Amino acid sequence: MSMTALHLFNNCYKPLLSRTIFIRNGVTTLHKTNRSLSSSSKTILCYKDDDKKHQLWLYNTMSKQRELFKPKVDGKVGMYVCGVTAYDLSHIGHARVYVSFDILFRYLRFMGYEVNYVRNFTDVDDKIIARAGQLGEDPISLSRRFCEEFHRDMGYLHCLHPTVEPRVSDHMPQIIDMIKQILDNGRAYRIEGDVYFSVYEFPEYGRLSGRKLEDNRAGERVAVDSRKKNPADFALWKSAKEGEPCWESPWGPGRPGWHIECSAMSAAYLGYSFDIHGGGMDLIFPHHENEIAQSCAACAKSNISYWIHNGFVTIDSQKMSKSLGNFFTIRQVIQLYHPLALRLFLIGTHYRSPINYSDVQLESASDRAYYIYQTLHECEEAAGQQHDESSPLKENIPTEILESIKTFNDVFITSMSEDLHAPVVLSAISDPLKTANDLLHTRKGKKQGARLQSLAALEKAIRNVLEILGLMPASYHEVLQQLREKALKRAKLTEDQVVQQINERNAARKNKEYERSDAIRKDLAALGIALMDSPEGTTWRPAVPLAMQEQYS
């Protein structure tokens, strides 16, 4: 389908498509939007449209308050999230953005909405050109390579594919058309092949960020240009410079400014009026402020209902960013920690609050993940459940178990409906996990009637919630093995070396050399390897290293 099918109606773009569009490697394909979360996403949880306590409330940056979510079209949601500028591997600040909006995407779909989720790639930008120059590589080729790396990172983190992922280089006609409209409406001006937006022509400039015009910074992602009418004016189109990629336009060869791309692509796929626009808090100004100005200048009917922003990832209370050089890439982190442990860490703080990155926090998240998946694995093995949704649970499950599951499900709905309070849900998982462990390991639990049915019901309830949070692995056994491997890597040990230490400890205990036995246990615990004694023998599991336990507490 030609991208030039876009046309104007009442001086406003209409969305290109009402169906799902996927763009992969420059190939555009159409799909119906009725996609399930996954093959295992059927759920015993239910969302009642007429139940007011299940309504979704979201914090709107524009109004600076929590608001009841009401889509513009019943049953459908249009959501645009600003994507990465693809010139390097993504860091965990990026991970937080896209995990946060993946949670929103999943929850909206759980609520029954058909969500058109658009997330762009910036593949034409000053930073891309500069990096390509350093590497002696074509800028578009370099950006395409890092778009693929980004896809791999999102796969590791269990982020669902957006409905569409447009790239700037594929949307020059739409960008140029929007700039023409802004010029025709008297909100921009030309200077020697460049086009600038005039902020004084938009009196509402600053309403999202709360900044006054005189407080605004010039030079945000662009060089200060003395030719501008006002230092706060920003580029819509940049004239071509030697050696840079460029496209033909009515103002001569050049390329778009940073901000116009998102206005043009969101309008192309969602129209000028849609439900949710999101990104990190660092985008509130100038990027999202400028998007509002551009979109309203091109179309007076432009209106976005909810502006949603996630908080920063910090290191020593300073924002993590590439420009500051204080970042860890997703790839660096998952060399030592399982991606689901990283996702659990990111979800463990409310999405709007800052989250401080540290090894201690990652160790704690990894330990928590192991406990969750180990418990569920034991439930699955004991109950013989293989995630067969068609096999009904027995009706003789004790009332207290059913009440525990109902309470957990209620907490899930209530917490997620209150501005996506996933940390409360993660905390609430402790109760059904404890109940399951009592049934699995205590004398009283092992004697309880309908024990296996209860374990199956508990496992299913927790699994359903983990699925919506994006924390459900393909296999409990597989993820446990991967968590063990990561722990061994952090400890700089092999499985054989741990087994050898266990054998030496067993020999010391047999010879009543208890000091030696305790020393082996303590040495391993210091490295994050906990020994577990039982009548069947001694095994090991990952744990937070002793020194970090003290630091965390």
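These numbers come from a predicted model, not from an experiment.
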- Task: Indicate yes or no: does R144 engage D123 in a salt bridge with an N to O separation below 4.0 Å.
- Result: no
- Short side-chain donor-acceptor distance under 3.5 Å, S417 and Y107: yes
- Query: Is the ring centre of H151 less than 6.0 Å from the ring centre of F121?
  - Reply: yes
- Task: State whether the side chain of Q549 and the backbone N or O of V544 hold a donor-acceptor pair below 3.5 Å, judged by distance alone.
- Result: yes
- Note: D102-R343 ion pair, threshold 4.0 Å (strictly below): yes
- Query: Quick one: do the N437 and Y371 side chains pair a donor with an acceptor below 3.5 Å?
  - Reply: yes
- Item | Lys/Arg-Asp/Glu bridge criterion (N-O < 4.0 Å) met for R352, D419 | yes
- Task: Heavy atoms only: give me the nearest Y373-P473 pair and the separation to one decimal.
- Result: CE2-CD, 3.5 Å
- Message: With a 6.0 Å cut-off on the ring centroids, do F69 and Y113 count as close?
- Response: yes
- Task: Measure the shortest side-chain to side-chain distance between F345 and I355 over non-hydrogen atoms and say whether it is less than 4.5 angstrom.
- Result: yes
- Determine the minimum heavy-atom distance between E67 and S305, stating which atoms define it. OE1-O, 4.5 Å
- Heavy-atom pair with the smallest gap, counting every atom of G78 and D275: N-OD2, 2.9 Å
- Item | Donor-acceptor contact present, side-chain S427 to main-chain P423, <3.5 Å | no
- Task: For the pair R368 and S430, evaluate side-chain hydrogen bond (donor to acceptor under 3.5 Å, both in side chains) and give the outcome as yes or no after the intermediate values.
- Result: CA-CA 10 Å; R368 180 67 172 169; S430 298; 2.8 Å; yes
- Quick check: does any side chain N or O of N120 sit under 3.5 Å from a backbone N or O of P166, one acting as donor and the other as acceptor? no
- Message: Using a 6.0 Å distance limit plus a 45 degree cone around the ring axis, check whether R541 lies over the aromatic ring of Y370.
- Response: no
- Message: Regarding Y337 and E363, do their side chains bring together a donor and an acceptor under 3.5 Å, going by distance alone?
- Response: yes
- Query: Can you tell me if Q374 and E378 form a side-chain donor-acceptor pair at under 3.5 Å?
  - Reply: yes
- Within 45 degrees of the axis of the six-membered ring of Y98 and under 6.0 Å from its centre: does R119 put its NZ or CZ there? yes
- Task: Report yes if the side chains of F408 and D431 come closer than 4.5 Å at any heavy-atom pair, otherwise no.
- Result: no
- Could you pull out the closest heavy-atom pair between G278 and F101, with the gap in Å? CA-CZ, 3.5 Å
- Message: I'd like to know if the side chain of K64 and the backbone of L208 have a donor-acceptor N/O pair within less than 3.5 Å.
- Response: yes
- Item | Close side-chain approach of L466 to L376, heavy-atom, < 4.5 Å | yes
- Query: Does the ring of F110 carry R106 above it, NZ/CZ under 6.0 angstrom from centre and within 45° of its axis?
  - Reply: no
- Query: According to the interplanar angle, ranging from 0 to 90°, do the rings of W307 and H288 count as parallel (below 30°), tilted (30 to 60°) or perpendicular (above 60°)?
  - Reply: tilted
- Derivation and outcome, side-chain contact (heavy atoms from CB on, under 4.5 Å), residues D282 and H287: CA-CA 8 Å; D282 55 327; H287 187 51; over 6 Å; no
- Enclosure of N511 CG (heavy-atom neighbours >12, cutoff 6.0 Å): yes
- Query: Does K406 pair with E403 as a salt bridge, N-O distance under 4.0 Å?
  - Reply: no
- Are L344 and H338 close enough that some pair of their side-chain heavy atoms sits under 4.5 Å apart? no
- Query: Side chain of K486, backbone of P339: donor and acceptor closer than 3.5 Å?
  - Reply: no
- Message: Please check: side-chain N/O of Y351 versus main-chain N/O of L346, any donor-acceptor pairing under 3.5 Å?
- Response: no
- Message: Over 60° means perpendicular and under 30° means parallel, so tell me whether Y357 and F328 are parallel, tilted or perpendicular.
- Response: tilted
- Indicate the atoms forming the closest heavy-atom contact of Q448 with P398, along with that distance. NE2-CG, 3.5 Å
- Task: Indicate whether any N or O donor in one side chain lies under 3.5 Å from an N or O acceptor in the other, for W540 and E495.
- Result: yes
- Item | Euclidean distance, H94 NE2 relative to F327 CZ, rounded to 0.5 Å | 9.0 Å
- Message: Please give me the minimum heavy-atom distance between I502 and T539, naming the atom from each residue.
- Response: CD1-C, 4.5 Å
- Between N464 and I468, is any pair of side-chain heavy atoms under 4.5 Å apart? no
